[in-house]
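Worth saying up front: this structure is predicted, and the values here are computed from it rather than measured.
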Amino acid sequence: MHLQEFVTVLVRDPRTQKEDSWHSYIDYEIFIHTNSMCFTRKTSCVRRRFREFVWLRQRLQSNAVLIQLPELPSKTPFFNMNNPHHVDHRRQGLQEFLEKILQDTLLLSDSRLHLFLQTQLSPEDMEACVSGQTKYSVADAIHKFASLNRRFPIEDEEKKKGKNDADSDSESSSSGLGPSDDSISCGCKASPASEES
């Protein structure tokens, strides 16, 4: 029996980061869980800010001129990072943007998308890697990031939920050997959408 491919993407956990003493910005965690052959890693977690999403959209558009890319949530001068409603509205828009992009096979073949989702490389480094100016390949970059980032961030949430369970604090939960709990909790949310296309 052929397993249907799925890609689950979650944009969550907005956090305020200080750039310098005057400037702050919000970044978001992007969690990927998939069984798709297109992806080097089946699970990953990275943090990205709005500016990097803007860069990604521009690069994808310049490579796929004939595709009408989904819009990002609008960059409004009234955006207030201290307003939880504004932040959540943007988070939701970023998630919808990625969900739509991940349903397009042509966009899925763009290495920049994979570096964006599965490494913490800056836009400049992603560009350099894709154009062959780095010693490491796209797959190398993704594997290296995964090996540096063994601990799975979802476990923190699991621990909070399961404070009373004796097991939840056991060592096994921080082994990072794949997201067995995750595959249950986030399942195949992305698959019904992909049937429409």
Checklist entry - In chain order, what residues pass the side chain to side chain donor-acceptor pair (under 3.5 Å) check against His85, with sequence neighbours excluded? => result none

Checklist entry - What residue pairs, at least two apart or across chains, pass salt bridge (Lys or Arg N to Asp or Glu O under 4.0 Å) with a residue in residues 129-148? => result none

Item to check | Within residues 67-80 or reaching into it, pairs that qualify as side-chain hydrogen bond (donor to acceptor under 3.5 Å, both in side chains) - sequence neighbours excluded | outcome: Arg57-Glu71

Item to check | Phe50 vs Arg90, side chain to side chain contact (heavy atoms under 4.5 Å, CB included): CA-CA, chis, key distance, verdict | outcome: CA-CA 9 Å; Phe50 186 76; Arg90 179 173 280 184; 3.7 Å; yes

Item to check | Gln118 side-chain N/O to Ile142 backbone N/O, donor-acceptor pair under 3.5 Å | outcome: no

Checklist entry - How far does NE2 of His143 sit from OG1 of Thr119, to the nearest 0.5 angstrom? => result 12.5 Å

Next on the checklist: Just to verify, which of Asn63, Leu102, Ile67 counts as forming a side-chain contact (heavy atoms from CB on, under 4.5 Å) with Leu107?
Outcome noted: Ile67

Next on the checklist: Would you say the rings of His33 and Phe6 are close, in the sense that their centroids are separated by under 6.0 Å?
Outcome noted: yes

Checklist entry - When rounded to the nearest 0.5 angstrom, what distance separates CG in Leu69 from CG in Asp104? => result 7.5 Å

Checklist entry - Just checking, is any N or O donor in the side chain of Gln103 or Glu99 under 3.5 Å from an acceptor N or O on the other one? => result no

Checklist entry - Should Ile101 and Leu113 count as side-chain neighbours, where that means a heavy-atom distance under 4.5 Å? => result yes

Item to check | Closest contact, heavy atoms only, Thr134 versus Cys129 | outcome: OG1-CA, 3.3 Å

Item to check | Nearest heavy atoms of Tyr136 and Ala141, plus distance in Å | outcome: CD1-CB, 3.8 Å

Next on the checklist: To check you understand the geometry: which heavy-atom pair defines the closest contact between Ile26 and Met81, and what is its length?
Outcome noted: CD1-CB, 3.3 Å

Checklist outcome for this item: To the nearest 0.5 Å, atom CG of Leu117 lies from atom SG of Cys45 at 11.0 Å

Next on the checklist: Can a donor-acceptor pair be found, under 3.5 Å and without considering hydrogens, that links the side chain of Gln95 to the backbone of Leu98?
Outcome noted: no

Item to check | Chi angles and distances behind the side chain to side chain contact (heavy atoms under 4.5 Å, CB included) call for Leu10, Ile30 | outcome: CA-CA 6 Å; Leu10 300 173; Ile30 304 170; over 6 Å; no

Item to check | Pairs touching residues 76-88 that satisfy salt bridge (Lys or Arg N to Asp or Glu O under 4.0 Å), sequence neighbours left out | outcome: Asp88-Arg91

Checklist entry - Taking the side chain from His114 and the backbone from Leu108, do they hold a donor-acceptor pair closer than 3.5 Å? => result yes

Checklist entry - Excluding sequence neighbours, so at least two apart, what forms ring-ring contact (aromatic ring centres under 6.0 Å, His included) with Phe53? => result Phe116

Checklist entry - Looking at Glu5 and Met37, what are the two nearest heavy atoms and their distance? => result OE2-N, 3.3 Å

Item to check | Distance in Å, Asp110 CG paired with Leu56 CG, rounded so as to fall on 0.5 Å steps | outcome: 8.0 Å

Checklist entry - Where is the tightest heavy-atom contact between Lys42 and Ser36, given as atom of each residue plus distance? => result NZ-O, 2.8 Å

Item to check | Trace of the side chain to side chain contact (heavy atoms under 4.5 Å, CB included) decision for Leu121 with Phe145 | outcome: CA-CA 9 Å; Leu121 291 178; Phe145 176 70; over 6 Å; no

Checklist entry - Distance from Leu72 atom CG to Gln58 atom CD, nearest 0.5 Å? => result 9.0 Å

Item to check | side chain to side chain contact (heavy atoms under 4.5 Å, CB included) partners of Asp27, counting only residues at least two apart | outcome: Arg15, Gln17, Tyr25, Arg47, Arg49

Checklist entry - Would you say the side chain of Val65 lies within less than 4.5 Å of the side chain of Ser62, judging by non-hydrogen atoms? => result no

Checklist entry - Measuring from Asp13:CG to Phe31:CZ, what's the distance to the nearest 0.5 Å? => result 13.0 Å

Checklist entry - For the salt bridge (Lys or Arg N to Asp or Glu O under 4.0 Å) test, which of Glu124, Glu52, Glu127 pairs with Arg59? => result Glu127

